[in-house]
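Note on naming: letters A, B, ... go to the chains in the order of the sequence lines (proteins, then strands), and numbering restarts at 1 for each one.
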Protein chains: 2
Amino acid sequence: MSESHEIDERLFLRSVARAFAVLEVWSAEPRALSLGEIAKAAGIDKSAAQRICQTLVGLGYLERAPGGLVPGKRALDRAFDYLRITPLIERAAPVLATLRETCGERVDLSLFDGTTILYALRLQSRREAFFATLPGRRLPAFCTSGGRACMALMSDAAVDRLLSRSDLVARTRKTLTDPAAVLEKVREAREQGYACVMEETLLGEVVVAAPVTDSAGRPVAAVHIAGTLAEWSEAEFRRRFAPHAIAAADALSG
Amino acid sequence: MSESHEIDERLFLRSVARAFAVLEVWSAEPRALSLGEIAKAAGIDKSAAQRICQTLVGLGYLERAPGGLVPGKRALDRAFDYLRITPLIERAAPVLATLRETCGERVDLSLFDGTTILYALRLQSRREAFFATLPGRRLPAFCTSGGRACMALMSDAAVDRLLSRSDLVARTRKTLTDPAAVLEKVREAREQGYACVMEETLLGEVVVAAPVTDSAGRPVAAVHIAGTLAEWSEAEFRRRFAPHAIAAADALSG
DNA sequence: CCCGACGGTATCGGCCTGCGATACGCTCGA
DNA sequence: TCGAGCGTATCGCAGGCCGATACCGTCGGG
């Protein structure tokens with residue numbers, strides 16, 4: 001995913017890393033897990049798993065449940081800290097609310113992180129029952145509208161590097177997995193100022209997205225507007241909503 | 001806050017606990033922090049803070065920012081794991097969406113945790129711009145509608161214990177801080193099946209809440225409906241929305 | 001019925017890892 | 001020109017963590 005910058009291993013705390021490796025087990029296996037399962041999935045022995053889990057339960061980051069252990073409520077506190085401290089989130093909330101009212105479709109703010117995007121704010125549309133539309137969801141950048149919008153602000157070489165580090169696996173039968181094809185879409189987004197993705201993460205879904213930059217002009221996030229092909233044609237959706245996405249993203253940039 | 005169950009200290013990993021102590025520093029000091037500040041706030045020396053922060057940056061749980069370090073995006077992934085695994089959240093999402101449509105006011109699902117409640121799902125009303133209405137926010141149980149609704153399902157003795165462990169500090173000039181007065185409100189909630197709190201956490205705000213139980217009948221969460229006194233009288237708000245809160249909470253219980 | 005596999009729990013000696021004192025170069029503002 | 005911060009880097013000692021091992025339940029199958 002994102003290895004940040006090769007950390008000096010002399011200052012690396014193995015026990016801390018193993019504790020987080022334990023917490024991360026549930027992202028691949030979302031159910032109550034036993035000590036043995038945790039140990040195997042995290043690549044540690046049962047003794048270490050025992051010590052780590054006891055500690056994490058004591059701290060509230062894991063909870064005992066019928067059938068084993070599950071993530072604890074403390075995880076929500078840490079996420080809240082992140083959302084509260086990040087100025088972009090605070091600025092984006094009212095902008096997205098307005099956008100949602102104007103457009104009537106689902107609008108999202110996603111954060112650009114390495115080879116992925118991460119939904120931070122999501123305002124569902126009235127008609128769509130939100131299921132699995134929770135903040136914190138992470139998707140690959142290469143096949144999402146927000147990801148491509150962000151890539152559009154990078155050089156072709158940087159886009160190539162990102163794509164080469166990505167796991168280019170198709171999520172639907174329409175997902176583009178050829179790096180050259182993705183790059184072509186990124187170039188189109190660069191020219192238009194927004195990206196449009198059709199059914200590449202969810203069949204029947206059309207999404208336009210515009211990039212949000214930091215003060216140095218680097219892409220850090222994207223504003224998405226998502227609709228369904230049951231109600232819109234691609235051309236009509238682009239024409240109608242792309243300008244709004246761009247305007248909102250601009251308001252949040254810099 | 002919630003010490004769960006006194007953990008065997010022979011199996012307690014000090015280095016892991018210190019790493020989380022570092023992460024938790026930002027909940028009291030929501031801004032970019034330097035190593036020295038982190039060390040002082042977490043009660044460790046600068047060397048330990050250096051090693052822990054290097055490790056957490058490498059793992060993505062902290063990020064470098066102008067002026068110091070801030071929480072990292074990985075926190076959102078862990079919160080997502082929690083929300084995805086907890087069956088109550090999944091069941092609650094469509095119920096709250098319907099409730100939001102029916103009532104037109106802000107509706108929340110809060111989780112009952114020790115002496116506090118924790119907002120897990122929040123659907124803002126159309127007219128209110130949401131600011132600081134993020135999931136993950138934690139409030140004391142004693143002065144919130146959801147907290148009192150949950151306490152109503154406990155024995156008086158258990159409520160007393162909870163109140164004695166709580167920090168009974170007023171949030172507004174209307175907050176009840178006398179344990180006996182709070183207990184009286186809890187008894188009222190026990191009789192009525194829901195709690196109503198007026199301006200005790202936010203001036204001008206009225207909230208009704210009903211408790212959600214697990215299969216053993218223990219309170220685990222609450223459904224809130226919140227409005228403003230600019231639009232509603234207490235009596236009218238209770239009459240109109242309490243039945244909906246109770247119905248939704250019942251649907252999620254057991 | 002007894003066994004083996006699995007659950008969680010507990011113990012312990014030894015080694016390696018994390019500890020914390022210390023020092024360095026840098027950028028501020030006084 | 002300081003001194004107080006900042007982040008960074010080093011290093012020997014000590015003791016905290018490691019992981020093998022064992023224990024006691026509860027299953028379900030042979």
Whole-Å distance between [N] [atom2] and [X] [atom1]?
X     : N      : atom1 : atom2 : result
A:K40 : C:dA5  : NZ    : P     : 14 Å
B:L69 : D:dG7  : CG    : C1'   : 10 Å
A:Q50 : C:dC12 : CD    : P     : 14 Å
B:R14 : D:dG16 : CZ    : C1'   : 8 Å
B:Q54 : C:dG18 : CD    : C1'   : 14 Å
B:F12 : D:dC17 : CZ    : P     : 10 Å
A:L62 : C:dG8  : CG    : C1'   : 15 Å

Selection from [options] that lies nearest to any side-chain heavy atom of [X]:
X     : options                : answer
A:S47 : C:dA10, D:dC18, C:dG20 : C:dA10
A:D45 : D:dC17, D:dT8, D:dG19  : D:dG19
B:L35 : D:dC17, C:dA10, D:dT8  : D:dT8
A:S34 : C:dG8, D:dC18, D:dT8   : C:dG8

Between the base of [N] and the side chain of [X], is there a donor and acceptor pair under 3.5 angstrom?
X     : N      : answer
B:R51 : C:dG20 : yes
B:K46 : D:dG5  : no
A:R64 : C:dG8  : no

Checklist entry - Distance check: side-chain N/O of B:R18 vs OP1/OP2 of C:dC19, anything under 4.0 Å? => result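 B:R18 to C:dC19 OP1/OP2: side-chain N or O found under 4.0 Å.
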Checklist entry - Has the side chain of A:T175 got a donor or acceptor atom that lies under 3.5 Å from a matching backbone atom of A:T172? => result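 Checked: pair present.
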Checklist entry - What pair of heavy atoms forms the shortest contact from B:R31 to A:I85, and how long is it? => result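 Shortest heavy-atom contact: N-CD1, 3.9 Å.
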Item to check | Min side-chain heavy-atom separation A:L162-A:S166 under 4.5 Å | outcome: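 A side-chain contact under 4.5 Å exists here.
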Checklist entry - What residue pairs, at least two apart or across chains, pass salt bridge (Lys or Arg N to Asp or Glu O under 4.0 Å) with a residue in residues 144-158 of chain A? => result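 For residues 144-158 of chain A: A:R148-A:E200, A:D156-A:R187, A:D156-A:R190.
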